[in-house]
Chemist: 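Starting off with a structure, shown below.
This structure is a prediction, so every number in the text was calculated from the model and none was measured. Side chains included, hydrogens not; waters and symmetry mates left out as well; all remaining heavy atoms used. Residue numbers begin at 1 in each chain, while the letters A, B, ... track the order of the sequences.
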2 protein chains.
Amino acid sequence: MKYLRQSNICFFFVPKLTTWLNQQDNTMDKTTEEKIYEAARRIFIIKGMEGARMQEIADEAGMNKALLHYYFRSKENLFKAVFKDTFTKFFIKVKDTLFSDISAKEKLVVFIDHYIDLIEANPYVPQFIINEINRDPEVLKSLMFESGVEPRKILELFLNEVQSTNLSKLDPRHIVISLLGMLIFPFVARPLLQMVYFNDDQEAYNKFLSERKEIVKNMILKFIEA
Amino acid sequence: MKYLRQSNICFFFVPKLTTWLNQQDNTMDKTTEEKIYEAARRIFIIKGMEGARMQEIADEAGMNKALLHYYFRSKENLFKAVFKDTFTKFFIKVKDTLFSDISAKEKLVVFIDHYIDLIEANPYVPQFIINEINRDPEVLKSLMFESGVEPRKILELFLNEVQSTNLSKLDPRHIVISLLGMLIFPFVARPLLQMVYFNDDQEAYNKFLSERKEIVKNMILKFIEA
DNA sequence: AAATAATTTAACCATTCAGTTAAATTATTT
DNA sequence: AAATAATTTAACTGAATGGTTAAATTATTT
């Protein structure tokens, strides 16, 4: 049943059962469906839901446009699969660090390391996620529900830990959100910042970004040493 | 000549000469053109160039869609007028603070005050500007050219001043970009942050934002006290 | 008052776009 | 081998969209 994934309950990318059983597909070749998905991901991340064209995705995948509908039923379904998968990858990283067993201070340092690596590997994704959630905040609610992640638990865990270790007198959300801003903003606003502050020099901006890991760590640790 | 503004050299919103001469138009009533422009601004800022519909802008202005073309010739011209005006307002604020006569330290404090006020009054504008520049980085080059602002001079002035006062051993761009991230990101990513960290409580998030002025000042001053 | 210009309107056009379909092809099952 | 199912394709449909136009209305000029 090719439209199983269009259930209103669950939007996620699942390779076909026959693909899974057929070990040959776990080699160099990807299925048609996977190719479509990955082409869609590349186009949607850059152009967003409304800017992307189904024909362009089909061209990127190297196949007929009707196949997109055959496998995913609609543009919206395809987009939701891409968004959910992408968001989950980013959010899981955050959540795993937060729920790990190390100290809050170590968590921040580890988080910065992992997060910058993640953004460097996917520089357009933060804006893609922010734009989509701003376009339709309900999508975030349904994602939280589906992933079983409760924002309140994240918040409580974080507040309790920071409070118990007395790291700082500040509301820790100021620290976290400042941290996120310092990490994400230079990637999201790159064309503007590169031109205004780096003479549109791509190499110089890359160097600037690579320096940020240590600098942001130092800044954050300075914040919390109250 | 109603299409004067479509010159390739200059895109800016100018009230009609007859409007200027006719003092009555400087009262409560706005011209048709101004109404279209402001409706376009409201729609473009929220939905962007591709998401906005000309019919929707016409509806927002309360008039026939053909009038949009009569006054602005095309969707793109209308958008450019809105973008240029909006960007200029934001950028002028930054530039004025930077070129003022006070010390670098005072500049940072004043900048934070002015900038948060500006963003609070126009919460969707930062993302609007970032999205458009990311969509078409060339638009920024032409805007810089038209406004006579040279990014290099901004950079040099800033670097020289920070260097001469020996505020910090850091490359000052790290400070400025961190500052911008801490200021802008909480507005740009509001739906996400509000849900994850504030239980989707709008009042709590507003309170959080109002606290940020002082907190960001303290953080920044801590950065530069080397 | 008449002529001219500017503004406004309803209706329309051409293109773009997501989505659909019948038929052909390929793969799988019996 | 034949039947059945899945996949793929070229062509098409209907809606949405930016843009245009002729005509009517209003404003301004002579």
Chemist: Of the candidate nucleotides D/dT21, D/dT9, C/dA18, which contains the atom at the shortest distance from the side chain of A/K65?
Modeler: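 Among D/dT21, D/dT9, C/dA18, the one nearest the side chain of A/K65 is C/dA18.
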Chemist: What I want to find out is whether A/K207 reaches A/E203 closely enough, with some N-O distance under 4.0 Å, to be called a salt bridge.
Modeler: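 Looking at A/K207 and A/E203, the cut-off is not met.
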Chemist: Could you give the NZ-to-C1' distance, from B/K75 to D/dA16, as a whole number of Å?
Modeler: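 Distance check: B/K75 NZ to D/dA16 C1' gives 11 Å.
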Chemist: Provide, to the nearest angstrom, the distance between the NE2 atom belonging to A/H69 and the P atom belonging to C/dT21.
Modeler: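 Interatomic distance, NE2 of A/H69 to P of C/dT21: 12 Å.
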Chemist: The side chain of A/R53 lies closest to which of these nucleotides: C/dC17, C/dT20, D/dG19?
Modeler: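 Taking heavy atoms from C-beta onward, the closest nucleotide is C/dC17.
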Chemist: If I compare all heavy atoms of A/L179 with all of A/I220, which pair ends up nearest, and what's the gap?
Modeler: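 Between these two residues, the closest heavy atoms are CD1-CG1, 3.6 Å.
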Chemist: So, is A/T32 near the phosphate of D/dT7, with a side-chain N or O under 4.0 Å from OP1 or OP2?
Modeler: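 So the side-chain polar atoms of A/T32 never come under 4.0 Å of the phosphate oxygens OP1 or OP2 of D/dT7.
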Chemist: Hey, does the side chain of A/R73 come within less than 4.0 Å of C/dA18's phosphate (OP1/OP2), counting only N and O?
Modeler: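 Looking at the OP1 and OP2 atoms of C/dA18, neither is under 4.0 Å from any side-chain N or O of A/R73.
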Chemist: With a 3.5 angstrom cut-off on both distances, give the Watson-Crick or G-U wobble partner of D/dT9, or none if there isn't one.
Modeler: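 D/dT9 is paired with C/dA22.
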Chemist: Which nucleotide, D/dT20, C/dG19, D/dT9, lies nearest any side-chain atom of A/S74?
Modeler: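 The nucleotide sitting nearest to the side chain is C/dG19.
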Chemist: In Watson-Crick or G-U wobble terms, both distances under 3.5 Å, what is the partner of D/dG19?
Modeler: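 For D/dG19, the partner nucleotide comes out as C/dC12, under the 3.5 Å rule.
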Chemist: Of A/A52 and B/L67, whose nearest nucleotide on DNA chain C comes first from the 5' end?
Modeler: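 Closest to the 5' end, via its nearest nucleotide, is B/L67.
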Chemist: Please identify which of these residues, B/F87, B/F187, B/F83, meets the ring-ring contact (aromatic ring centres under 6.0 Å, His included) condition with B/F128.
Modeler: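 That would be B/F83.
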Chemist: Which nucleotide, in any strand shown, forms a Watson-Crick or G-U wobble pair with C/dC17, with both distances under 3.5 Å?
Modeler: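 Base partner found: D/dG14.
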Chemist: Kindly check if the number of other-residue, nucleotide or ligand heavy atoms within 6.0 Å of CD (B/E76) is above 12?
Modeler: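 Counting neighbours around CD of B/E76, 12 or fewer heavy atoms of other residues, nucleotides or ligands fall under 6.0 Å, so no.
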Chemist: With both distances under 3.5 Å as the test, what is the Watson-Crick or G-U wobble partner of C/dT29?
Modeler: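 Here C/dT29 is engaged in a pair, and the nucleotide opposite it is D/dA2.
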Chemist: OP1 or OP2 of D/dT8 less than 4.0 angstrom from a side-chain nitrogen or oxygen of A/Y71, does that happen here?
Modeler: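 Affirmative; the distance criterion is met.
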Chemist: Determine the contact category for A/A58: base if any of its heavy atoms lies under 4.0 Å from a base atom, sugar-phosphate if only primed atoms, P, OP1 or OP2 are that close, otherwise nothing.
Modeler: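 No contact at all - A/A58 keeps every heavy atom at 4.0 Å or more from the nucleic acid.
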